[in-house]
Student: 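Structure provided below as structure tokens; questions to follow.
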Amino acid sequence: MIKEIFKPNPEFAKDARIKNMCEYQELQDEAMRDYEGFWGRYAKEKLEWIEPFTNVLDESDFPFVKWFEGGKLNVSTQCIDRHLGTRKNKAAILFEGDRGDKQTITYLDLYNNVNRFANLLKNEFGVKKGDRVVIYMPMIPEAAYAMLACARIGAIHSIVFGGFSAEALRDRIHDANAKVVITADGAYRKDKPYMLKPVVDEATKGESPVEKILVVERNNEKIEWHEGRDFSYNKLIKNQSNECDAEPMDAEDPLFLLYTSGSTGKPKGVQHNQAGYILWAQMTMEWVFDVKENDTYWCTADIGWITGHTYIVYGPLAMGATTVMFEGVPTYPDAGRAWKMVQDYKVNQFYTAPTAIRVLHKMGEHEPLKYDLSSLKVLGTVGEPIDPAAWKWYYEEVGGGRCPIVDTYWQTETGGHVISPLPGATPIKPGCATLPLPGIIAEILDKDGNKKEPHETGFMCIIRPWPAMIRGIWGDKERFVKSYFGDVKQNGRGVYFTGDGANYDEDGYITITGRTDDVINVSGHRMGTAEVEAALAKEDEVAEVAVVGKPHPIKGEGIFAYVVMKHSLKDSRFESYEAIEKELNEMIKKEIGNIALCDDIVFVPGLPKTRSGKIMRRILRSIAKGEEITQDISTLEDPSIVATIKSLVK
Ligand code: WTA
């Protein structure tokens, strides 16, 4: 733990949008005093409305809330058209490919490309308002065009991270009943081509709602073309017009779905709607990164995750910023790639995950010194708590001791940052997400809604609905209410619970302590242990399996699996435990993708269970970590199993 407090640099603060803690407090007080007035003011000021809204917030059917009812707008116009007057020739996207190929896409280029894409979807594929479109794409500009084209015509996009397997893609396609998939033949990683289209072919084999597949030809590797179903973007786009009317959307029409892991096996289709989401994406971009008109901003996430949605595409473009988009890996061809890009593009705000910081640190402790990083003004982190070693290195070696680090806490469900320092105002304590952003009323509670005292861990909750709050789980109202509003109650009403534990310090600063449910955080990616267990259980020889997270020096958490086999090794079809391990990891690759591969697999004769049959995961977690078992094991059906398992874990 670093005890020092890092105060904002007065030079920076002078020009920041929020300049000091008094200004922060004033905004927060305004929101507390007149919540609807506060949000209504910003919605009028920041968004371009086709028709004005008549009501700010309707909570009568809580937790199904409505923001800015009566209002009509279009998110693509908010991100593109309204900038054409003053920023027509400004770079909207600076793209760098894995192999170093570059493209500058101005706001006018973006307008033309998005309109052509929208016309293609509408005219050639018959995509209409409300249709679901799955996007399974590499990090290339066409992925951003695809998102904005959907927004323009009112289609609901659902991006599936390119690292997910065919099975995972198939589940998401079916759950959303998507009739169109947008993909690429493949792309490049570490100078080598890799493929995506064959995964889509596999995912749509047999019965499938998918009628049309649009393929961006990126790496020109050979792929199969299914007559009447598969179409080349590169060919069709040539015939499209640069003008496409933006569909007037109701403030509460869905904008996108993004599937994320929960505590059960099936991923949840998190739904975000139009106005509230784009408003908060833009406001947090402005407040938290404090991007100025001539700045260049770079977020290293993938568009397959919420960070890529809000902070590569929607947030930066809504505010008219220049956003860098990178296809490759920050450590390839060497540990200086990211720093060279910061130098070459004169990046002013750099936003990444602690896991990436740890890798970059490990691969090149003094690598940043070889580059001119003097353009950097703000550094950001997201996805998991940042440990002191990573923080110190990021602050000193990358930021030159000059740049505030905004430790942004949020989730797929919150749409945008909810707890984060403001770079010109908040005194920063390393490892601490600090304070709720203005307009966010977040508190650490017990299950009865009482606020926790400093240094006591409780549930990280958000008391009142905020504009970018998740609006639902696609097709499952009940699960939405139960997952987020079922655990903590205050004055008889469910309160939004994030799933994370947290505590206050003596100054009211918030430190996130991690998930309290069965979700683990691998390299900043959310993984449900149940999802991994379901994949492993598909192997015939597996009788039972339990998966837990184990601290990992680079990934934050690694996946640790305890497997009970149906037969002894000699009675099974395998020759060795290594062979079973290999097979199990193959199963994970097939069912989920490489991101969920197990770091440890241990074969055990049984699992610690209560007499009612519940697996005691806490014990398994302690064993994986090599901790002493302090909990009472006498209630277990077979207490001796604990010692047996311990002896099998190296
Ligand atoms: C974790 C990513 C500590 C947390 C934007 C949350 C964090 C989950 C932080 C959401 C942070 C995110 N400090 N933990 N700054 N940011 N988390 O949906 O457990 O992929 O619930 O969204 O990441 O992950 P998700």
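Here the structure is a predicted model, which is why all the values come from computation and not from measurement. Atoms within a ligand are numbered from 1 in the order they appear, just like the ligands themselves. What you see below is based on every heavy atom in this structure, not just the backbone, and it leaves out hydrogens, waters and symmetry mates.
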Student: So is there a nitrogen or oxygen of Thr260 less than 3.5 Å from a nitrogen or oxygen in ligand 1?
Tutor: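 No, there is no polar N/O contact under 3.5 Å.
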
Student: Within a distance under 4.0 Å of any heavy atom of Val382, pick out the atoms of ligand 1 and give their elements.
Tutor: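 Those qualifying, in numeric order: 5 (C).
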
Student: Would Phe497 and Tyr484 count as a close aromatic pair, with their ring centres under 6.0 Å?
Tutor: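 Here the rings of Tyr484 and Phe497 have centres that are no less than 6.0 Å from each other.
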
Student: Which option wins on minimum heavy-atom distance to atom 25 (P) of ligand 1: Met527, Arg526, His525, Glu413?
Tutor: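 Result: the heavy atom closest to atom 25 (P) of ligand 1 is in Arg526.
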
Student: Students often mix this up, so state it plainly: with edges at 30° and 60°, are the rings of Phe256 and His309 parallel, tilted or perpendicular?
Tutor: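 Judged by the thresholds at 30° and 60°, the geometry between Phe256 and His309 is tilted.
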
Student: Angle between ring planes, Phe560 versus Tyr562, binned at 30° and 60°: parallel, tilted or perpendicular?
Tutor: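 Tilted, since the angle between the ring planes falls between 30° and 60°.
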
Student: Show the atoms of ligand 1 that are less than 4.0 angstrom away from any heavy atom in Ile512.
Tutor: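 Within the 4.0 Å cut-off of Ile512, ligand 1 contributes 3 (C), 14 (N).
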
Student: With a 4.0 Å cut-off, would you call Glu397 and Arg402 a salt bridge?
Tutor: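 The answer is no: the pair does not qualify as a salt bridge.
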
Student: Under 4.0 Å between a side-chain nitrogen and a carboxylate oxygen: does that hold for Glu413 and Arg526?
Tutor: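 Yes, Glu413 and Arg526 are salt-bridged.
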
Student: For Ala433 and ligand 1, answer yes if some heavy atom of the residue is under 4.0 Å from a ligand atom, otherwise no.
Tutor: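 No, Ala433 has no heavy atom closer than 4.0 Å to ligand 1.
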
Student: Taking Lys46 first and then Glu286, would you say they form a salt bridge - that is, a charged N and a carboxylate O separated by under 4.0 Å?
Tutor: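 Yes, this pair counts.
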
Student: Which of the atoms of ligand 1 are close to Thr408, meaning less than 4.0 Å from one of its heavy atoms?
Tutor: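 Matching atoms, with element in brackets: 9 (C), 11 (C), 15 (N), 16 (N).
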
Student: For ligand 1, find out whether one of its N or O atoms is nearer than 3.5 Å to an N or O atom of Thr307.
Tutor: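 No, since none of the N or O atoms of Thr307 sits under 3.5 Å from an N or O of ligand 1.
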
Student: Provide, to 0.1 Å, the distance between atom 5 (C) of ligand 1 and the closest protein heavy atom, together with that atom's residue and name.
Tutor: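 Atom 5 (C) of ligand 1 sits closest to the protein heavy atom Trp410 CE2, 3.4 Å.
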
Student: I need the nearest protein heavy-atom contact for atom 21 (O) of ligand 1: residue, atom name and distance, please.
Tutor: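 The protein heavy atom lying closest is Asp500 OD2, 2.5 Å.
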
Student: Would a 4.5 Å heavy-atom cut-off, applied to side chains only, mark Val324 and Met341 as touching?
Tutor: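 Side-chain contact under 4.5 Å: yes.
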
Student: For ligand 1, which atoms sit closer than 4.0 Å to a heavy atom of Pro385?
Tutor: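 With Pro385 as reference, the close atoms of ligand 1 come out as 3 (C), 13 (N), 14 (N).
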
Student: Ignoring hydrogens and geometry beyond distance, is a side-chain donor-acceptor pair present between Thr408 and Ser420 at under 3.5 Å?
Tutor: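 Not at all, the side chains of Thr408 and Ser420 share no donor-acceptor pair under 3.5 Å.
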
Student: Any Lys/Arg nitrogen of Asp518 or Arg621 sitting under 4.0 Å from an Asp/Glu carboxylate oxygen of the other?
Tutor: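 Counted as a salt bridge, because a side-chain N and a carboxylate O are separated by less than 4.0 Å.
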
Student: Using a 4.0 Å heavy-atom threshold (strictly under), name the region of Thr412 that reaches ligand 1: side chain, backbone, both or neither.
Tutor: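 Under 4.0 Å from ligand 1, Thr412 contributes backbone and side-chain atoms.
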
Student: Could you tell me the residue and atom name of the protein heavy atom closest to atom 1 (C) of ligand 1, and the distance to it rounded to 0.1 Å?
Tutor: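 Answer, as residue, atom name and distance: Gly383 O, 3.2 Å.
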
Student: Walk me through whether Lys550 and Asp599 qualify under salt bridge (charged side-chain N to carboxylate O under 4.0 Å, His left out).
Tutor: CA-CA 9 Å; Lys550 174 186 170 183; Asp599 295 276; over 6 Å; no

Student: Taking 4.0 Å as the limit for heavy-atom contacts, which would you say applies to Asn521 with ligand 1: side chain only, backbone only, both, or neither?
Tutor: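 Under 4.0 Å from ligand 1, Asn521 contributes side-chain atoms alone.
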
Student: Check ligand 1 against Asp407 and write out every atom of the ligand that is under 4.0 Å from a heavy-atom position of the residue.
Tutor: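 The list of qualifying atoms is 11 (C), 13 (N), 15 (N).
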
Student: Contact between ligand 1 and Gly499 is defined here as a heavy atom of the residue under 4.0 Å from a ligand atom; is it met?
Tutor: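 Heavy atoms of Gly499 never come under 4.0 Å of ligand 1.
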
